[in-house]
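One structure is given here, and the rest of the page talks about it.
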Protein chains: 2
Amino acid sequence: MLSLTEENYLKAIFSLNREVAESATTNAIAEKLDTKASSVTDMMKRLSKKDLVNYQKYQAVSLTKKGKEVAISIIRKHRLWELFLVEKLHFKWDEVHDIAEQLEHIKSTQLTDRLDAFLGFPDQDPHGDPIPNKEGQFPEDGRTTLSELNQKTSCKVVGVKDHSSSFLSYLESMDIELNTIIQIKTHHAFDSSMEILIEGKKEAHISKEVAQNLYVE
Amino acid sequence: MLSLTEENYLKAIFSLNREVAESATTNAIAEKLDTKASSVTDMMKRLSKKDLVNYQKYQAVSLTKKGKEVAISIIRKHRLWELFLVEKLHFKWDEVHDIAEQLEHIKSTQLTDRLDAFLGFPDQDPHGDPIPNKEGQFPEDGRTTLSELNQKTSCKVVGVKDHSSSFLSYLESMDIELNTIIQIKTHHAFDSSMEILIEGKKEAHISKEVAQNLYVE
DNA sequence: ATTAATTTTTAGACTACCCTAAAAGTAGTG
DNA sequence: CACTACTTTTAGGGTAGTCTAAAAATTAAT
């Protein structure tokens with residue numbers, strides 16, 4: 001059984017490594033958890049002994065399989081509770097973080113799974129962040145968004161992530177619908193926007209946000 | 001800000017003193033919390049310094065006003081969460097205790113009050129125990145049931161909670177009616193039953209259920 | 001490549017909470 | 001009142017987690 005403190009360390013390491021690889025350094029973790037570097041070193045030794053992190057003196061740490069599972073389960077709980085607070089208890093999306101920060105440590109798989117069901121197996125929290133399912137898979141797992149592809153690639157639209165009518169009508173105006181073939185001509189690095197060719201005939205420029213919300217194969 | 005451990009001590013003392021006055025002895029608390037007497041002594045000194053308990057060496061402890069408020073707020077949270085688990089997440093009434101034991105320590109008055117509203121301001125948990133309101137009043141406040149009194153106390157019957165004819169005829173058979181004087185001789189801790197003296201003459205044994213359904217003054 | 005700046009680790013100490021073993025206090029019994 | 005049984009407290013120590021200050025290692029810079 002892990003302590004609240006240990007769980008918070010794992011969560012911090014997970015999120016640092018999500019953003020940029022090799023970034024979970026002693027100092028970075030300390031800053032994230034508002035503690036001191038020496039405390040982090042201490043804890044890394046303990047977590048390493050429990051096979052939750054891979055730790056080597058003076059090097060950035062990474063999570064083991066076991067550590068990753070714990071971290072994901074905490075993120076899952078955090079996001080489910082946030083959604084519960086907003087959707088069922090009518091909190092505003094900016095008021096829920098601190099409460100979810102506490103609720104995420106409640107230990108009961110059954111509780112988490114039933115909460116998940118109660119909320120209708122959602123895949124996004126109130127901030128639009130993905131909620132991993134009970135197997136620890138993030139919703140877009142297996143599904144590729146257009147934004148993940150490189151230029152000169154061709155693909156077929158198989159779904160949308162954002163279901164808002166404004167997004168859908170925007171797609172319609174571009175003649176993009178299910179099964180539309182898209183070729184990426186240029187993928188601009190500076191803003192992640194793209195020049196694409198729709199169905200081999202119509203050229204268009206789409207923003208990063210649009211590319212991130214189109215599932216393709 | 002109180003620690004989880006401190007909160008659990010306060011809750012234990014509250015419940016011991018509810019059952020029988022002067023019963024929150026070092027040993028009793030230790031047993032209730034599955035810890036050792038020496039640890040309890042330790043904690044009593046700390047809680048006393050924080051003005052949460054009244055502690056004098058070698059004597060049973062009681063809660064201060066502040067201590068009582070904390071204890072009641074924890075009980076409130078525990079019972080609201082239990083009801084949530086049963087009513088909304090469809091847990092069985094016997095599966096919820098351990099989870100509620102964790103949830104009761106979540107610190108957010110707003111959360112508690114919204115959960116209360118979400119559940120429709122209930123006054124009983126799934127086990128039939130009363131849920132204090134946000135002011136810390138138990139639903140039957142203003143009205144005291146016989147079960148809330150300690151042994152050696154004397155009181156007068158002023159009403160019944162259960163109005164069923166079977167209960168009323170049972171009372172009649174015991175010669176208990178409005179304005180009857182009852183003296184509590186013994187309040188058994190193990191099953192909350194009582195030995196009482198009716199109108200100073202007739203001795204009787206009554207169960208917890210009966211005591212809980214008699215309003216007295 | 002040696003020095004300087006920065007990061008990380010170690011050493012030693014503190015608090016909260018727990019324990020065991022022994023001492024001290026309280027109560028019951030003849 | 002003394003003796004025994006029991007309860008409670010003290011004394012001393014352990015672990016988890018924190019800190020500061022100093023030492024060691026790494027990285028950057030001249």
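Values below: all heavy atoms of this structure, side chains included; hydrogens, waters and symmetry mates excluded. Reminder, nothing fancy here: chain letters follow the sequence lines and each chain counts from 1.
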State whether [X] and [Y] are salt-bridged, where the test is any N-O pair (Lys NZ or Arg NE/NH1/NH2 against Asp/Glu carboxylate O) under 4.0 Å.
X: B:Lys202; Y: B:Asp175; answer: yes
X: B:Asp113; Y: B:Arg76; answer: yes
X: A:Glu69; Y: A:Lys65; answer: yes

**Asked** Just checking, any donor-acceptor pair under 3.5 angstrom between side chains of B:His105 and B:Asn8?
**Response** yes
**Request:** Using a 4.0 Å heavy-atom cut-off, write out nucleotides 6-18 of chain C from 5' to 3' as B (base contacted by protein), S (sugar-phosphate only) or - (no contact).
**Result:** -SSBB-----SBB
**Shortest non-hydrogen contact between A:Tyr9 and A:Leu33, atoms and distance** = CD2-CD1, 3.4 Å
**Prompt:** Please give, in whole Å, the distance from D:dG17 C1' to A:Ile29 CD1?
**Reply:** 16 Å
**Message:** What is the distance, to the nearest angstrom, from the CG atom on A:Leu47 to the P atom on D:dA16?
**Reply:** 12 Å
